[in-house]
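Here is how names work: the chains are called A, B, and so on, in the same order as the sequence lines, proteins then strands, and each is numbered from 1.
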Amino acid sequence: MKPSTWKYILGEAGRGIKKNTLMSVAAVTTVTLSLLTLALVLLLVFNFNHLAGTLESQMQVVAYLDDNLPAPRVAELDAQIKAIEGVSEVAYVTKAEALERLKAEFGVDSDILAAVEDMNPLRDSFEIAAADPEQISAIAGQVAELAGVAEVNYGQEILELLLSLTSVIRYGGAALLVAFILATVMIIANAIRMTVVARRREVAIMKLVGATDALIRWPFLLEGVLLGLAGAVVTAALVWAGYSWVVGAMQRSLPFVPIVAEWQPILLVLALLIVGGVVIGAVGSTISIRRFLRV
Amino acid sequence: MKPSTWKYILGEAGRGIKKNTLMSVAAVTTVTLSLLTLALVLLLVFNFNHLAGTLESQMQVVAYLDDNLPAPRVAELDAQIKAIEGVSEVAYVTKAEALERLKAEFGVDSDILAAVEDMNPLRDSFEIAAADPEQISAIAGQVAELAGVAEVNYGQEILELLLSLTSVIRYGGAALLVAFILATVMIIANAIRMTVVARRREVAIMKLVGATDALIRWPFLLEGVLLGLAGAVVTAALVWAGYSWVVGAMQRSLPFVPIVAEWQPILLVLALLIVGGVVIGAVGSTISIRRFLRV
Amino acid sequence: MIHIKHVSKIYYPRRVVALQDINVRIRPGEFVFLVGASGAGKSTFLKLLYREELPSEGQLLIGGKDVARLRQRDVPYLRRRIGIIFQDFKLLPDRTVFENVAFALRVTEASPKEIRRRVPTVLEMVGLAEKERHYPSQLSGGEQQRVGLARALVNRPPLILADEPTGNLDPQTSLEIMALLEQINRMGATVVMATHASNIVDMFRKRVIALDRGRIVRDQERGVYSNEAKHLEVHPG
Amino acid sequence: MIHIKHVSKIYYPRRVVALQDINVRIRPGEFVFLVGASGAGKSTFLKLLYREELPSEGQLLIGGKDVARLRQRDVPYLRRRIGIIFQDFKLLPDRTVFENVAFALRVTEASPKEIRRRVPTVLEMVGLAEKERHYPSQLSGGEQQRVGLARALVNRPPLILADEPTGNLDPQTSLEIMALLEQINRMGATVVMATHASNIVDMFRKRVIALDRGRIVRDQERGVYSNEAKHLEVHPG
Ligand SMILES: Nc1ncnc2c1ncn2[C@@H]1O[C@H](COP(=O)(O)OP(=O)(O)OP(=O)(O)O)[C@@H](O)[C@H]1O
Ligand SMILES: Nc1ncnc2c1ncn2[C@@H]1O[C@H](COP(=O)(O)OP(=O)(O)OP(=O)(O)O)[C@@H](O)[C@H]1O
Ligand SMILES: [Mg+2]
Ligand SMILES: [Mg+2]
C-alpha cells in the first residue's frame with residue numbers, strides 16, 4: 001500500500017478512537033483494570049517466590065561431630081563433605097562458637113546458658129549448604145555415613161513444610177498467573193470485539209464500495225493496538241508508582257520481610273505489561289474483525 | 001403496566017440476550033472473570049486475616065516470678081493479674097513444667113537441658129493472654145509493677161512485627177478489595193454499556209413510535225440483571241469447586257497452615273457474588289440506558 | 001388540529017436554516033400534500049410535529065397543546081396519537097415484520113388478543129400478509145416502506161404524518177397505498193404527506209403546501225404539484 | 001459487458017424465489033431501465049451483479065468473468081469498477097459528505113491531490129457543494145441519495161448500477177440527475193437503473209427490462225414504463 005494510504009489508515013485509527021469515545025474509554029479502562037490485576041498477581045507471585053527462595057536458602061544440614069576428633073580427620077571430613085554432589089558450602093563451627101551463637105539467640109532463656117557456660121555440652125559441627133534445597137535430605141543421608149559424624153540434623157519437619165509451602169506457592173502462583181493472563185486476554189478481546197460489532201454495518205458498506213480486507217482491517221488493528229498501548233501505559237505508570245510506594249513503606253516499617261526491590265524484575269513486569277497490551281490489542285481486534293470481513 | 005406488558009418485557013430481555021449472542025457471551029464472560037478476581041482477592045484477604053488472627057492469638061505476656069515466692073502471694077498475684085483490664089486468661093506455670101516444655105521443644109539441643117536437669121535454673125511464671133493483642137504491651141507494663149514479679153517478657157520484637165504485618169495485610173487487603181470491587185463494577189458497567197451503545201438506533205426508533213422510557217428501560221434492565229446473574233452463578237460454581245479443592249489439598253499436604261474451611265464465610269462470599277452480579281447488572285444497564293433515552 | 005405560528009428551525013452547529021417563519025393551520029380531517037424540492041424542509045416540518053426536533057422560534061400546537069412545552073414524559077403519548085411513516089422507514093432490524101407492526105400496539109399496552117387480531121389485518125391492507133415472519137433485511141425496499149406504513153396505521157391514530165410514503169413503490173402499488181390513506185382520511189384522520197410524486201398530487205387534488213428553501217411559497221386548496229407551465233424539459237440522447 | 005444465463009435466485013431459509021431463469025445480455029455503453037412492481041426482483045438483479053448475493057443457479061458474467069467464481073480477494077476489484085447507487089443509500093454515518101465520496105477513491109489508493117480535485121467536482125455535479133462537511137444525519141433524504149450518487153460516479157466506473165436513484169428526489173432534481181447519468185452513459189459507461197419513475201422511463205426511451213415476480217416479462221429497445229393502456233384508475237375522494 002502507498003504511503004498516503006498508510007497515512008489515511010493511521011488517521012482512521014485515530015478517528016475511530018475519537019468518534020467512539022465511550023467505547024474507547026471503556027476499552028482502555030478495561031485493559032487497564034485487567035492489566036493491573038495481572039501486574040498485581042505477577043508481583044505477588046514474584047514476591048512469594050522471593051520469600052520462598054530466601055527461606056529455602058537458609059536451610060542447611062548440620063553434622064555434629066564426635067567429641068575430640070583430631071584436626072586432620074576434621075580436615076579430611078571437610079574434603080569428603082565438599083565432594084558430595086549438590087553440596088555448595090561447608091562451614092566448620094566449633095562448640096565454643098556454637099555456644100556464643102546460642103547465647104545471642106536465646107535472650108529469654110539465657111539463664112540456662114549462663115548456668116552451663118563452664119561445661120559447654122555442645123559439639124563441634126559442620127554446617128552444610130545445598131545448591132538445591134530438594135537435595136538436602138539426600139546430602140544429610142550421605143554425611144551421616146561418614147566416620148566421625150555423630151549425628152546429622154537438617155530440620156526435617158521444617159524443611160518439608162517449607163518445600164511443600166513453596167511448591168504450593170510456585171505452582172499455585174503459576175496457575176493463578178496463567179488464569180489471569182487468559183482472563184485478561186479474554187476481557188480485552190471482548191472489549192475490542194464489542195467496538196467492532198458496533199461498527200459492522202460500516203464494515204459491510206466499505207466492502208460494498210470496493211475496500212480490500214486490508215484497508216478495513218488495518219485501522220481496526222491499529223486502533224486495537226493504540227487502545228491496548230494506552231491501557232498498558234496507564235497500568236505501567238500506576239504499577240510503578242504503587243509498587244515504589246509499597247517498597248518504601250515496607251522497607252521503613254517491616255524491613256525484615258524480604259520484598260523484591262531491585263528494578264530489574266519490576267522493569268520486566270512493566271515491559272511485559274506494555275508488550276502484553278499491544279499484543280492483546282492487536283490479536284483482539286484481528287480476531288474480532290475477521291468474522292465481519294465475510295460480507 | 002399490565003401483566004401482558006410484563007410478559008412482553010421479559011420476552012424482550014430474553015430475546016435481547018439471544019439475538020446479541022456475541023455481546024451476551026462477552027458480557028457474561030467479563031462478569032465471570034471480574035467476579036472471579038474479586039472472589040479470589042476476597043478469599044485471600046479472608047485467609048490472611050485468619051492467619052494473622054491465629055498468630056496474634058498465640059501472643060502472650062510471660063511474667064517470671066521472684067524465686068521462692070510464697071503460695072498465698074502467688075494466688076494474690078493471680079487475682080491481681082486477672083483484674084487488669086484486657087487480660088483474658090492467666091495460667092500459672094511452675095519451673096518444673098517450664099523445663100519439661102523446654103525439653104520437648106528443643107529436640108536438637110536437649111543435651112544442654114539434660115546437663116542442667118538437676119539444678120533447673122528456670123523460674124515460676126504466669127502466662128497471660130490478652131483479649132486484644134494491641135493491649136499486650138500495656139498489660140505487660142502493669143504486670144511488671146506488681147510485687148513479686150521479677151521480669152516480664154512478651155516477645156516485644158515479634159509482637160510488633162506481627163502487629164504491623166497484620167495491619168498491613170488488613171488495610172492493604174481492604175484497599176485491594178475496594179479497588180477490585182470498583183474495577184469489577186466498572187468492567188461490567190462497560191460491558192453492558194457497550195451492548196446498549198450497539199442498540200442505540202433501536203432505542204431511538206422505539207421512542208419515535210411512542211414507547212415510554214419504562215418500556216424501553218425494563219428489558220435492558222432485566223437483560224443486565226440476567227447477564228449479571230449468569231456471570232455470578234458461573235463464578236459461584238467455579239469458586240465453590242475451586243476453593244473446596246484448595247481446602248482439601250491444603251489440609252492434606254499442609255495441615256498446619258490455618259485455612260478458612262468453615263462454610264459460613266465461603267457461603268457469604270458466594271452470596272455476595274450473586275447479589276453483586278445482579279446489582280452490578282441492574283445498575284450498569286440503568287446507567288447505560290439513561291443517556292440514550294434522551295431522544 | 002395543527003396550528004403553526006411563526007415557526008423557524010435552524011440546525012446547529014452549521015446554522016442551516018431549514019424552516020423560516022412558517023404559519024399554517026390544519027383542520028381535523030384535512031388531507032395535505034407537502035411539496036418542494038429536495039432539501040426544502042418537508043421532513044423538518046414533519047419532525048417538528050412529532051417532536052423529533054424542537055422549533056428554534058415560534059409556537060406549534062397540536063390539539064391546542066404546545067408541542068415544544070410538552071413534558072418529556074408526555075412525549076410518548078403525543079407520538080402514539082400520530083402515525084408516522086418515515087422517509088428512511090426506521091424499522092427495527094432484529095424484529096420480524098409482525099413484531100415491527102405489533103410494536104406500535106405494544107407501546108399502548110394493547111392486549112395480546114388485540115395484537116393478534118389487528119396486525120394481520122393491517123398487513124393484509126398493505127399487501128404484506130405473506131411476509132409477516134420476514135426480517136426487514138429480507139424485504140425489498142418497497143416492502144419495507146409498506147411495513148412502515150402498516151405500523152403507522154395499526155394504531156388508528158387521528159393524525160398521520162407520511163414522509164415520502166411512495167418513494168420506493170411502483171405506480172400501481174403507490175396508487176393502492178394512496179387509496180388506503182384516502183380511505184383512512186375519509187374515516188376522519190388528518191393526513192399530512194410530504195411527497196415528490198407529482199402525478200399523485202395532481203391526481204388527488206388536495207390541499208397543497210409548497211415549500212421552497214424553508215419558506216411556504218404556496219398554500220392552495222385542491223392544488224397541483226407545480227403551478228409552473230410544465231416540468232423542465234430535458235433532451236434525452 | 002454483462003451476460004446473464006439462466007440465473008435464478010432463491011433466498012433461504014424462507015425459500016423466496018426472487019429471480020427465475022433470467023437471460024439477459026447487456027452490451028458496453030447501453031442504458032437499461034429495470035422496471036417492475038415492488039418486490040419483483042430488481043434489487044436482487046443488481047445485487048447479483050455486484051456480488052452482494054450469489055446466484056442460486058445459472059451463470060453471470062461481467063466482462064467475460066464469472067462473478068460467482070471470483071476469488072474472495074478479487075471481489076473488491078470487481079466492485080471498484082462498478083459505481084453502485086444503493087436503494088437505502090448506504091452512507092457511512094460517521095463520515096462527512098466529503099469523506100463518504102472520497103472513500104470510493106481511497107479504496108483505489110488515489111493520491112490525496114486527486115481526491116482533493118475530484119470530490120468537489122462531483123459534489124458540484126450533484127448539487128451538494130455546500131454540504132461537503134455535513135454528516136449524513138444532517139442531510140435531507142434527497143441529499144443523502146445524491147451523496148450516494150456522487151460516490152458512485154467519482155471513480156468514473158465503466159459500469160453504473162443505480163437502484164431507484166430518484167426515489168427521494170423532486171421531479172426537477174430527478175431530471176438533473178438523469179441528465180447527469182445520460183451524459184456519463186454517452187461518455188461510454190454502461191448504466192443499469194432500477195426505477196419506479198414511470199415518467200422518467202417514458203421520457204428517456206431507453207431499453208426497458210420489465211420484471212414480474214422474478215421473471216423477465218418484457219425486454220424492449222426504446223421502451224416505455226408500461227405497455228398497458230394506462231395506469232390503473234383510482235377515484236379520488
Ligand atoms: N440535523 C441537521 N443538521 C443540519 N442540517 C440539517 C439537518 N437536518 C436537515 N438539515 C438540512 O435542512 C434542510 C431541510 O432538510 P429536510 O430534511 O427538511 O428536507 P426535505 O424537504 O425533507 O428534503 P428531501 O425531499 O430531500 O427529503 C436541508 O438543507 C438539510 O441539509
Ligand atoms: N434476504 C432476503 N431473504 C428473503 N427474501 C428476500 C430477501 N431479499 C429480498 N427478498 C424477497 O425477494 C423479492 C425480491 O426482492 P427485491 O429487493 O429484489 O425487490 P425489488 O424489485 O427491488 O422491490 P422494490 O421495488 O420494492 O425495491 C421480494 O419478495 C423480497 O421480499
Ligand atoms: Mg425529506
Ligand atoms: Mg429494490
Side-chain angles (χ1 to χ4, degrees), chain C residues 11 14 16 18 31 35-44 87-89 127-128 131 133-134 138-146 163-164 166-176 178-179 182-183 185-186 194-199 203-206 225-226 231-237, chain D residues 11 14 16 18 31 35-44 87-89 127-128 131 133-134 138-146 163-164 166-176 178-179 182-183 185-186 194-199 203-206 225-226 231-237:
Chain C
Y11 285 110
R14 304 216 163 274
V16 178
F31 195 122
V35 303
S38 174
K42 302 180 296 299
S43 298
T44 302
Q87 192 167 11
D88 56 354
F89 316 152
L128 286 179
K131 308 260 163 174
R133 314 182 73 157
H134 281 232
Q138 300 173 331
L139 296 177
S140 81
E143 286 162 353
Q144 290 180 41
Q145 190 154 46
R146 284 178 280 159
D163 199 350
E164 202 73 69
T166 62
N168 288 275
L169 297 177
D170 57 290
Q172 157 127 23
T173 312
S174 297
L175 287 178
E176 285 167 22
M178 286 309 300
E182 223 197 7
Q183 184 193 328
N185 172 242
R186 242 183 282 128
T195 188
H196 293 306
S198 58
N199 46 355
M203 187 185 300
F204 281 76
R205 288 299 188 130
K206 303 284 185 185
Y225 183 81
S226 169
H231 308 147
L232 190 124
E233 273 302 303
V234 178
H235 303 284
Chain D
Y11 286 109
R14 306 216 162 273
V16 177
F31 195 123
V35 304
S38 174
K42 302 178 296 297
S43 297
T44 302
Q87 193 167 11
D88 56 354
F89 316 152
L128 286 178
K131 308 261 163 173
R133 314 180 76 158
H134 280 232
Q138 301 174 331
L139 296 177
S140 81
E143 285 162 353
Q144 290 180 42
Q145 190 155 46
R146 284 178 279 158
D163 200 349
E164 202 73 67
T166 61
N168 288 275
L169 297 176
D170 57 290
Q172 157 127 23
T173 311
S174 296
L175 286 178
E176 285 167 22
M178 285 311 299
E182 221 194 11
Q183 183 193 329
N185 172 242
R186 244 183 280 126
T195 187
H196 292 306
S198 58
N199 46 354
M203 187 186 302
F204 280 77
R205 288 298 188 132
K206 303 286 186 186
Y225 184 82
S226 171
H231 308 148
L232 189 125
E233 273 303 302
V234 178
H235 302 284

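Taking Arg14(C) as the reference, Val16(C), Arg133(D), His134(D), Gln138(D) meet the side chain to side chain contact (heavy atoms under 4.5 Å, CB included) condition, with sequence neighbours excluded.
Heavy-atom pairs under 4.5 Å with chain D were tallied for Asp163(C), Leu169(C), Leu139(C); the largest tally goes to Leu169(C).
Scanning residues 35-42 of chain D against chain C with a 4.5 Å non-hydrogen threshold yields Gly36(D), Ala37(D), Ser38(D), Gly39(D), sorted by number.
With a 4.5 Å cut-off on non-hydrogen atoms, Glu143(C) touches chain D through its backbone and its side chain both. The contact between Asn168(C) and chain D is made by backbone and side chain atoms together, counting heavy-atom distances below 4.5 Å.
Considering all non-hydrogen atoms of both residues, Pro171(C) and His196(D) come closest at CD-O, 3.6 Å.
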